[in-house]
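As structure tokens, the structure follows; a few thoughts come after it.
Because only heavy atoms are used, hydrogens play no part in the values below, and waters and symmetry mates are left out as well, while side chains stay in. Reminder, nothing fancy here: chain letters follow the sequence lines and each chain counts from 1.
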Amino acid sequence: MLTTKPRGVNDILPDEVWKWHYVENYLRDLAGRFGFQELRIPIFEHTELFQRGIGDTSDVVEKEMYTFTDRGDRSLTLRPEGTAGVARSFVENKLYSGTLPGKYYYVGPMFRYDRPQAGRYRQFNQFGIETIGGHEPAIDSEAVAFAYEIFHGLGLENVLVHLNSVGCPVCRKAYRAALQDHLRPALHDLCETCQTRFDRNPMRILDCKSKHCHELVQGAPSITQYLCEDCQNHFDQVKKILEAMGIPYAVDQNLVRGLDYYTRTAFEITAGKEGSQSAICGGGRYDNLIEEIGGPALPGIGFALGMERLLLTLEQQGSQLQKPDSCDVFVAGLGGNAEILTSQLCHSLRLSGLRVQRDYQGKGLKAQMKAADRVAAKIVLIIGDDEIARQAVICRQMANGEQTTISVNDAVSYVQQKLSAIKVEGDIK
RNA sequence: GUGGUUGUGGCGAAGUGGUUAACGCACCGGAUUGUGGCUCCGGCAUUCGGGGGUUCAAGUCCCCUCAAUCACCCCA
């Protein structure tokens, strides 16, 4: 072949796409229940939005963006995440002039130039929510509860909520200094990346996966000890509400999120197996982002989950999603004489709202029956020379082999009747 | 970006330098001349991810390249 798909992208084939539909519908329904509305944002934005919004010390901005220049010499970037775009849209469309907080969700592809692995792709899909314009702890708790319910409601096991507060600029300044003091004696023992993090963003060292750094970080002061009074009260209230709602969580003082805009509440959700791709959802509060990109000083909070990782986890945990039926009626025409009637009948049945399939290659009846069986058709209509002569069709009910000959004119209404009878039987069972 | 493993029909998978590249599933056809799921029979890769090299001879050895996967990293 001429060429293959670029590295790190995927085709989602018909055999699998129904799972995506299932999960997407589930998420949209849940979003509606929690009071979120869809906001569709562009797939690319001006590069500076991500540089300023996400923060140019983050790895995502530093080395993972798909940035290109368009024909008008503008620097554009394929969105690596959704929050910056939603924030931009919120400000640009002056959504702050409506009822606050605004509650939005989005679903769609994101792009990061990473080295691909299972559950990590260069084009991947996220579902995410943002609540903008409210600082109340109940908003944080609601976001965490929503995220938890997504996985809990799908029947996943070992769903863990890791919760932390990363403080506000006020308390973070004090904490940052204390952390640097603690780590300074061991500075040259840290891994290379962490040495550069020491000045730029020492809190990221807490999150380092290198064993050695992990050990050095043990006994380091924790942000929780340095939270200012406001942040502490906020965090306490968030936890209190979560407990009241029955949402299980574990405070993880080493949890630091990789995007620079996070403040106060930060959380991640893992499910099932340990490993590098165990985090299926992450989010937190970003009280300065809206102002940072030139909007009013409004706080926000949100999370995003990786659709591929969610599907992968469902698979690993053996969840049986119900594959929807794809065919109500199969029309089997025999021989060239049946062609016209077959086409007419298929069309009428389809206009009446039924899902109809047929053969186009003049296969024998046996082969067509096999095909009907494969697509799980509930009814097969058979049209041969005998039937054409009598302007009739045979209606066969696949489940029990029952057959009736009916006139062509009655075919559509007869089939509909039969199908609803089959459906009622199924419902009773 | 670093390191490891892998790459044979649509899928899974044998093949330890020497003739026509096993087998299973799927698919197509027949037994059953107009009736699915079971059974039996038959068909289905001029070629082993791609390119180059060594050799009388390469799916098998060497080099390069692409891709998948795992760990690191990062994050969803």
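When Watson-Crick and G-U wobble pairs are counted only if both distances are under 3.5 Å, B:G17 pairs with no nucleotide at all. Across all strands shown, B:G42 forms a Watson-Crick or G-U wobble pair with B:C28, both key distances being under 3.5 Å. Partner assigned to B:U47 is none, using Watson-Crick or G-U wobble distances below 3.5 angstrom. Across all strands shown, B:G34 forms no Watson-Crick or G-U wobble pair with both distances under 3.5 Å. Nucleotide B:C72 has B:G1 as its partner under the Watson-Crick or G-U criteria, with both atom distances under 3.5 Å.
Contact annotation: A:Lys366 side-chain N/O to B:G34 OP1/OP2 distance is not under 4.0 Å. An OP1 or OP2 oxygen of B:A68 is reached within less than 4.0 angstrom by no side-chain nitrogen or oxygen of A:Gln117.
At the heavy-atom level, A:Leu310 lies nowhere under 4.0 Å from the strands shown. Nucleic acid contact for A:Asp385: base, since at least one base atom lies under 4.0 Å from a heavy atom of the residue. Across all strands shown, A:Glu308 has no heavy atoms under 4.0 Å from either base or sugar-phosphate atoms. If you check every strand for non-hydrogen atoms under 4.0 Å, A:Ala304 touches sugar and phosphate atoms only. A:Glu387 comes within 4.0 angstrom of a nucleotide base, judged by non-hydrogen atoms across all strands. Within 4.0 Å (heavy atoms only), A:Gly333 reaches no atom of the nucleic acid at all.
Taking for each of A:Arg374 and A:Ile383 the nucleotide of RNA chain B with the nearest heavy atom, the 5'-most of the two is the partner of A:Arg374. Position along RNA chain B of the nearest nucleotide to A:Leu334 versus A:Cys281 favours A:Leu334 as the more 5'-ward residue.
When each of B:U35, B:G29, B:A68 is scored by its nearest atom to the side-chain atoms of A:Ile394, the top-ranked nucleotide is B:U35. Ranking B:C70, B:C75, B:G37 by closeness to the A:Asp373 side chain, first place goes to B:G37. The side chain of A:Arg115 approaches B:U2 more closely than any other nucleotide in the set B:U35, B:U69, B:U2.
Atom CZ of A:Phe151 is separated from atom C1' of B:A76 by 9 Å (rounded to the nearest Å). Between A:Leu13 atom CG and B:C11 atom C1' the separation is 13 Å, expressed in whole Å. Residue A:Met369 contributes atom CE, which lies 18 Å from atom C1' of B:G30 at whole-angstrom precision. The distance from atom NZ of A:Lys370 to atom C1' of B:C38 is 12 Å, rounded to the nearest whole Å. Distance, A:Lys363 NZ to B:G30 P: 11 Å, rounded to whole Å. A:Lys63 places its NZ atom 12 Å from the C1' atom of B:C75, with the value rounded to the nearest Å. For the pair A:Glu16 CD and B:C11 C1', the computed distance is 14 Å after rounding to whole Å. Going from atom CG of A:Asp59 over to atom C1' of B:C72 covers 13 Å, rounded to whole Å.
Between the C1' atoms of B:U60 and B:G4, the separation comes to 22 Å (whole Å). Straight-line distance between the P atoms of B:C44 and B:C28: roughly 16 Å, to the nearest whole Å. Rounded to whole Å, the separation between the P atoms of B:U8 and B:U47 comes to 16 Å. B:G12 and B:A26: their C1' atoms are spaced 11 Å apart (whole Å). B:G9 and B:G3 are spaced 33 Å apart, taking the C1' atom of each and rounding to whole Å. Taking the P atoms as reference points, B:U6 lies 33 Å from B:A76, given to the whole Å. A distance of about 15 Å separates the P atoms of B:U16 and B:A58, rounded to the whole Å. Look at the C1' atom in both B:C25 and B:C70: the space between them is 28 Å, to the nearest Å.
Counting heavy atoms from C-beta on, the side chains of A:Glu130 and A:Tyr106 come closer than 4.5 Å.
For A:Tyr175 and A:Tyr226, the ring centers are positioned less than 6.0 Å apart.
In the interface, the side chain of A:Arg309 is paired with the base of B:C75 through a donor and an acceptor atom under 3.5 Å apart. No donor-acceptor contact under 3.5 Å links the side chain of A:Gln368 to the base of B:G34. Judged by distance alone with a 3.5 Å cut-off, no donor-acceptor contact links the side chain of A:Arg396 to the base of B:G34. In the interface, the side chain of A:Arg120 is not paired with the base of B:C70 through any donor and acceptor atom under 3.5 Å apart.
Of the candidates A:Val17, A:Leu314, A:Leu154, A:Leu154 is the only one forming a side-chain contact (heavy atoms from CB on, under 4.5 Å) with A:Tyr22.
A:Glu315 has a carboxylate O that lies under 4.0 Å from a charged side-chain N of A:Lys19, or vice versa, which qualifies the two as a salt bridge.
With no hydrogens or angles considered, a side-chain donor-acceptor pair links A:Asn125 and A:Glu308 at under 3.5 Å.
Classification of the A:Phe90-A:Tyr104 ring pair by plane angle, with boundaries at 30° and 60°, yields perpendicular.
A:Lys239 forms a cation-pi arrangement with A:Phe235, by the criterion of a distance under 6.0 Å to the ring centre and an angle within 45° of the ring axis.
No donor-acceptor distance shorter than 3.5 angstrom exists from the side chain of A:Asp140 to the backbone of A:Thr265, with no hydrogens or angles considered.
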